[in-house]
2 protein chains.
Amino acid sequence: MKRNRSRYAILGILTLGPGTGYDIKKFFDKSVAKFWNESYGQIYPLLRRLAAEKFVKKTVQKQDGKPDRHIYTITAKGREEIKRWLLTPVGPQIGRHEILLKLIFGSELGAADSIRQIQHFQKQQRQDLQQTEELMDQIGTGYLQGPSKPYLKLALRYGQRVNRAYLEWADEAIAALKDLQKEDGKHETD
Amino acid sequence: MKRNRSRYAILGILTLGPGTGYDIKKFFDKSVAKFWNESYGQIYPLLRRLAAEKFVKKTVQKQDGKPDRHIYTITAKGREEIKRWLLTPVGPQIGRHEILLKLIFGSELGAADSIRQIQHFQKQQRQDLQQTEELMDQIGTGYLQGPSKPYLKLALRYGQRVNRAYLEWADEAIAALKDLQKEDGKHETD
DNA sequence: ATCGGCATGTAATCCGTTACATGATTTA
DNA sequence: TAAATCATGTAACGGATTACATGCCGAT
């Protein structure tokens, strides 16, 4: 059985308020992008299906100069559906951490290459962390208030902690690889 | 352009030594399963393709009572291929952390439900952490020695750090949600 | 006697990204 | 004048899981 989490992701955003496909994409991109994201190829077809199943209803707002806004609003039936999902326990979190693969097979290369790889990873993670921290400052001042605010805050804290763990690991790994390099050097020069 | 990381995951394992599809699956399952995994539906067809492309070569070992072992060995060409990949910098790590979704939409439910959800998540993470720590003790004594050993060790350290970050976050989140609950209680009873 | 491990593999189906197509408006 | 934002969507492709099929052996 496939679980179809994108469905619930999209339906979930609509519990926070009505919005368009474009809005939904923006929400992810500007908040928890590194931990959950959806593409248009997923969003638009799913919105249509959710509407057919009466979990959301669609209204069209005309604009001039800009394309119409297709606004989706969650229905009572939709709220029931997502509540059911929210109450089922999360399955095991399996991800694909490419950096680990590149590390594990690193003995194929020199330690210097692995170090460079991790430094690059580290640079990215530093940027992500900074972005998350900027977002944290903006929250409350920003566009998301109401009862979901403390929940969103906790989500950002999650991102922050995980990012920090990555960074601390990178420091440790680089140090360990430098030691390895020194030892290898000894064998060769002695 | 799609990147096809499974290819490299499989080819990469074979840099550590020859093995069967079954061995490859086992390697992931018993080491970094939470951070990278492959299914048979991915492994067997890919091994065939890698053989057709001369990145690996296949030999068959007959056994009695058990099915034949189809052993794949990486070729020089295969080693070149994976080195190229190892040298290209990692892209942004995007995952799908279901727990965050269930948290963000948590205001649909009561705080108690969110707490229960996170406690369940925490229990799982505790188990994962323990398994990783057991593996760390076994390494060296176990089946993986040689030059890749320090790399594998670092991979396990990664898992450990990330798992700890999850656990610390869970503690924080539960505490924050309990506070929320108290405040809500005040409003209702006052 | 049943369950887990060893060992192979395929088919169906779905998940998900990327690329494409369109076009006005605002900002740098 | 070029690029970003707003806004819709689809088609093609490939990634990845799940379920199924088969069968012996050893341990509990």
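In what follows, every chain begins at residue 1, and chains take the letters A, B, ... in the order their sequences are listed.
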Integer-rounded Å distance: C:dT17 C1' and A:Trp36 CH2: 15 Å

Give a yes/no on whether any side-chain N or O of A:Tyr40 is located under 4.0 angstrom from OP1 or OP2 of D:dG9. no

Pick the closest DNA chain C nucleotide for A:Gln42 and for B:Leu47 by heavy atoms, then say which residue is nearer the 5' end. B:Leu47

Within less than 4.0 Å of OP1 or OP2 of D:dG15, is there a side-chain N or O belonging to B:Asn4? yes

Measuring from the side chain of A:Tyr44 (C-beta onward, heavy atoms only), which nucleotide among C:dA7, D:dG9, C:dT17 has the closest atom? D:dG9

Expressed in angstrom and rounded to an integer, what is the separation of B:Arg5 atom CZ from C:dG16 atom P? 13 Å

Distance below 4.0 Å between A:Arg7 side-chain N/O and C:dC15 OP1 or OP2: no

Looking only at the side chain of B:His70 (C-beta and beyond, no hydrogens), which of the listed nucleotides D:dA7, C:dG9, C:dA7 gets closest? C:dG9

Rounded off to whole Å, could you give me the CZ-to-C1' distance for the B:Arg48 and C:dT8 pair? 11 Å

Check the surroundings of atom CZ in B:Arg96: do more than 12 heavy atoms from other residues, nucleotides or ligands lie under 6.0 Å from it? yes

How close or far is atom C1' of D:dG9 from atom CG of A:Leu46, stated in whole angstroms? 14 Å

Assign each of A:Glu38 and B:Ile71 to its nearest nucleotide of DNA chain C by heavy atoms, then name whichever residue's nucleotide is nearer the 5' end. B:Ile71

Report yes if at least one side-chain N or O of A:Arg96 is closer than 4.0 Å to OP1 or OP2 of D:dA16; otherwise report no. yes

Taking everything shown except B:Lys83 itself, do over 12 heavy atoms lie less than 6.0 Å from its NZ? yes

Provide, to the nearest angstrom, the distance between the NZ atom belonging to A:Lys66 and the C1' atom belonging to C:dT22. 17 Å

Does B:Thr20 put a side-chain nitrogen or oxygen below 4.0 Å from OP1 or OP2 of C:dT8? yes

Can you tell me the distance, in whole Å, between the CD1 atom of A:Ile24 and the P atom of C:dG16? 16 Å

Rounding to a whole Å, what distance do you find between A:Lys26:NZ and D:dA7:C1'? 11 Å

Is there a continuous path of hydrophobic side-chain contacts, each under 4.5 Å between heavy atoms, that joins B:Trp36 to A:Ile94? no

Does A:Gly65 reach a base, just sugar-phosphate, or nothing at all? Heavy atoms under 4.0 Å. sugar-phosphate

Counting only side-chain N and O atoms of A:Ser6, is one of them less than 4.0 Å from OP1 or OP2 of C:dC15? no

Between C:dT10 (C1') and B:Arg49 (CZ): distance, integer Å: 16 Å

Could you tell me if the ring centre of B:Tyr158 sits under 6.0 Å from that of A:Tyr166? yes

Can you see whether A:Gln122 engages A:Asp171 through a side-chain donor-acceptor pair at a distance of less than 3.5 angstrom? yes

Testing A:Arg157, A:Arg126, A:Arg164, A:Arg161 for salt bridge (charged side-chain N to carboxylate O under 4.0 Å, His left out) with A:Glu133, which one passes? A:Arg164

Ranking C:dA7, D:dT8, C:dT17 by distance to the side chain of B:Pro67, first place goes to C:dA7

Hey, does the side chain of A:Gln63 come within less than 4.0 Å of D:dA7's phosphate (OP1/OP2), counting only N and O? yes

